[in-house]
Structures are given as structure tokens and as C-alpha cells.
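For the single chain, residues carry numbers from 1 onward in sequence order. Start at 1 and go down the list; that is how both ligands and their atoms are numbered. Computation of the quantities below employed the complete heavy-atom set of this structure, encompassing side-chain atoms and omitting hydrogens, waters and symmetry-equivalent molecules.
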Amino acid sequence: MDAPWLVAVLTTPRLALRELTATDAPFMLQLLNEPSFIRNIGDRGVRTVDDARQYITNGPQASYARFGFGLYLVELRPALTPIGICGLLKRDQLPDPDIGFAFLPAYWSQGYALEAAAAVRDHARDGLDLPRLLAIVNPSNAGSIRLLERLGFSYESMTRLTPEAHDVKLYARVL
Ligand SMILES: CC(C)(COP(=O)(O)OP(=O)(O)OC[C@H]1O[C@@H](n2cnc3c(N)ncnc32)[C@H](O)[C@@H]1OP(=O)(O)O)[C@@H](O)C(=O)NCCC(=O)NCCS
């Protein structure tokens, strides 16, 4: 039987979303080093399973403890095959939480990202009572922009998270 901390936070017809744990480090090592992740989101400098464990502790798990939400592991039901991550982040630079998602290329174009992100968006409104969600996206990331528009997000402005970072597009959706 699953340990209690592996219970799903959200389920959809095809997917289960749950909190990341140290046991997900090998999967995260793979996902964070996908060329599409590095190109569109950034290089997190995670090169070993140990690095990935630290990333999970300092990133998603710190966020669960501080905000009650974070990035979740997305698994295919019923086998619980990990295929990506999707969830919410709260950054100091942005006034509201933003939605994030990344999937292994083998699982693209099957509607999984849309299914996971729609569940996270609805949970933000119904479970967390958030009034508004943001999203930031690399201007050249057409697939992600299409997904955000399908989720009801609208373009707000160009922004920059740090002075030395590239410009990103800020999207928003009132919940
Ligand atoms: C961004 C990302 C998550 C988008 O993934 P995706 O595969 O395009 O999204 P989906 O899985 O929802 O697939 C949507 C496509 O599947 C098609 N599709 C197939 N079966 C489907 C189904 N059952 N339900 C819905 N759509 C389905 C849709 O028509 C759509 O096609 P289109 O985009 O060509 O019009 C993915 O490209 C990724 O992980 N990129 C790397 C990380 C990244 O860029 N993250 C975003 C940072 S802002």
C-alpha cells in the first residue's frame, strides 16, 4: 500500500498528481536535463541524483511547507508512470502564484499537459481559494502559449524576473 505521503493531491481521468519526494530524484534528474526544459525554463544545474534530491528538498518541498502548494509529480494512471510535473509556484517577484508545467517529450501532444494544468487551475480556485493565477513563458515557446490560452489565460505584458534575465511573457487568469 502507498505510504500516506504518496497519496494523490489531485486526480483526473488519466492522471494522478502528488507531492514530490526524494524517491523521485532519478525522474527529476531526467526531466530537468531535457533539452526542451533547459531551453524553455532554464538550466537548474542538476547533474546527479544527489543534486536532484537537493532540488526536490529546497524547491517543491520547501514550497509545500511554506505555501501549502508547489510543483507536483504527474503520473499516468493506473500504473503511476511518472511523465512530468505541474503545479503552482510563489515567487517573490510576482504578486500572485504562477502555474508551471513540464513533461517528458514522449508524453507530449496527447493532452496530458492540458489535463494536469486544468486540474491545478481548478484546485487553485476551489481548493486554495486563490483569486488569480499568473504564468510566465519564454516568448518562443509556442506550445506552452497555446496551452495557456486553452486554459483561459491572457497575455498581460513583457516582464523580467531579474535584471540580468531574458524578457518573458506574463499571462494571467482571474479564477
Ligand atoms: C509546454 C508543454 C507542457 C506542452 O505540452 P503539449 O504536449 O503541447 O500539451 P498537451 O499534452 O496538452 O497536448 C496538446 C496537444 O495535444 C493534442 N491532443 C491529443 N490528444 C488530446 C486529448 N485527449 N486531449 C487534449 N488534447 C489532445 C491537442 O490537440 C494539442 O495539439 P496542438 O497543441 O498541436 O494543438 C511541453 O511542450 C513541455 O513540457 N515543454 C517543455 C517544458 C516547458 O516548456 N514548460 C512550459 C514552461 S512555461
Side-chain angles (χ1 to χ4, degrees), residues 9-18 20 24-47 51-52 55-56 59-60 63 69-124 130 132-162 165-173 175:
V9 175
L10 294 169
T11 55
T12 70
R14 297 184 295 172
L15 307 171
L17 281 71
R18 67 158 170 84
L20 284 150
D24 303 312
F27 172 77
M28 289 304 289
L29 176 63
Q30 184 187 355
L31 183 68
L32 297 173
N33 286 290
E34 284 295 338
S36 56
F37 190 103
I38 292 180
R39 188 173 60 246
N40 290 312
I41 299 178
D43 186 352
R44 298 292 178 251
V46 168
R47 299 290 180 263
D51 292 345
Y55 169 87
I56 291 167
S63 179
F69 56 72
L71 285 171
Y72 301 117
L73 183 72
V74 180
E75 296 175 312
L76 272 186
R77 299 170 66 193
L80 300 183
T81 310
I83 65 168
I85 54 174
C86 181
L88 301 173
L89 298 104
K90 178 67 193 75
R91 304 172 204 258
D92 292 342
Q93 307 96 316
L94 296 177
D96 292 298
D98 62 286
I99 192 164
F101 35 75
F103 289 75
L104 294 178
Y107 300 98
W108 290 2
S109 298
Q110 296 165 71
Y112 293 134
L114 179 65
E115 190 167 318
V120 165
R121 174 201 62 197
D122 294 348
H123 174 65
L130 296 175
R132 192 168 85 123
L133 274 188
L134 302 174
I136 47 169
V137 59
N138 185 327
S140 64
N141 193 348
S144 181
I145 289 172
R146 221 169 24 245
L147 183 54
L148 289 171
E149 288 172 346
R150 282 198 181 110
L151 290 164
F153 283 74
S154 308
Y155 173 73
E156 289 252 306
S157 61
M158 295 300 289
T159 190
R160 206 172 264 200
L161 289 181
T162 58
H166 291 292
D167 280 350
V168 285
K169 285 185 161 181
L170 179 69
Y171 278 73
R173 177 185 159 134
L175 296 175

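Of the protein's non-hydrogen atoms, the one nearest atom 39 (O) of ligand 1 is F103 N, 2.8 Å. The nearest heavy-atom contact from the protein to atom 6 (P) of ligand 1 is S109 N, 3.8 Å. Protein heavy atom in closest approach to atom 40 (N) of ligand 1: W108 CZ2, 3.4 Å. Scanning the protein for heavy atoms near atom 12 (O) of ligand 1, the closest one is L114 N, 2.9 Å. Given atom 45 (N) of ligand 1, the protein heavy atom at minimum distance is F101 O, 2.7 Å. Ranking protein heavy atoms by distance to atom 9 (O) of ligand 1, first place goes to A113 CB, 3.5 Å. For atom 32 (P) of ligand 1, the closest non-hydrogen atom on the protein side is R146 NE, 3.7 Å. For atom 24 (N) of ligand 1, the closest heavy atom belonging to the protein is G111 CA, 3.7 Å.
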So D24 and R18, salt bridge (charged side-chain N to carboxylate O under 4.0 Å, His left out) or not? Walk me through it. CA-CA 11 Å; D24 303 312; R18 67 158 170 84; 2.9 Å; yes
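In terms of polar-atom proximity, S144 is not counted as a contact of ligand 1, lacking any N or O under 3.5 Å from an N or O of the ligand. Not a single N or O atom of I41, backbone or side chain, sits closer than 3.5 Å to an N or O atom of ligand 1.
Those atoms of ligand 1 with a heavy atom of N141 less than 4.0 angstrom away are 43 (C), 44 (O), 46 (C), 47 (C). Distances below 4.0 Å separate heavy atoms of N40 from the following atoms of ligand 1: 44 (O). For ligand 1 and A102, the ligand atoms under 4.0 Å from any heavy atom of the residue are 39 (O), 42 (C).
Annotation: the span from L104 atom CG to I85 atom CD1 amounts to 10.0 Å, rounded to 0.5 Å. To the nearest 0.5 angstrom, L130 atom CG is 7.0 Å from L88 atom CG. From E156, atom CD reaches atom CG of L170 across 5.5 Å, with rounding to the nearest 0.5 Å. Note that the CD1 atom of I136 and the CG atom of L94 stand 6.0 Å from one another [nearest 0.5 Å]. The line from CD1 of I41 to OG of S36 is 8.0 Å long, rounded to the nearest 0.5 Å.
At least one test fails for K90 against the ring of F69: distance under 6.0 Å to the centre or angle within 45° of the axis.
Between T81 and E75, every side-chain heavy-atom pair lies at or beyond the 4.5 Å cut-off. I145 has its side chain within reach of Y171: a pair of non-hydrogen atoms, C-beta onward, lies under 4.5 Å apart. Contact annotation: the side chain of L15 approaches that of L76 to within less than 4.5 Å [non-hydrogen atoms, C-beta and beyond].
Remark: atom 2 (C) of ligand 1 lies closer than 4.0 Å to no protein heavy atom.
The residue from E115, R150, Q110, K169 that puts a heavy atom closest to atom 29 (O) of ligand 1 is R150.
Residue contacts with ligand 1 do not include R39, since none of its heavy atoms lies under 4.0 Å from the ligand. Heavy-atom separations between I136 and ligand 1 include at least one value shorter than 4.0 Å.
The closest side-chain donor-acceptor pair between R44 and N33, if any, does not fall under 3.5 angstrom.
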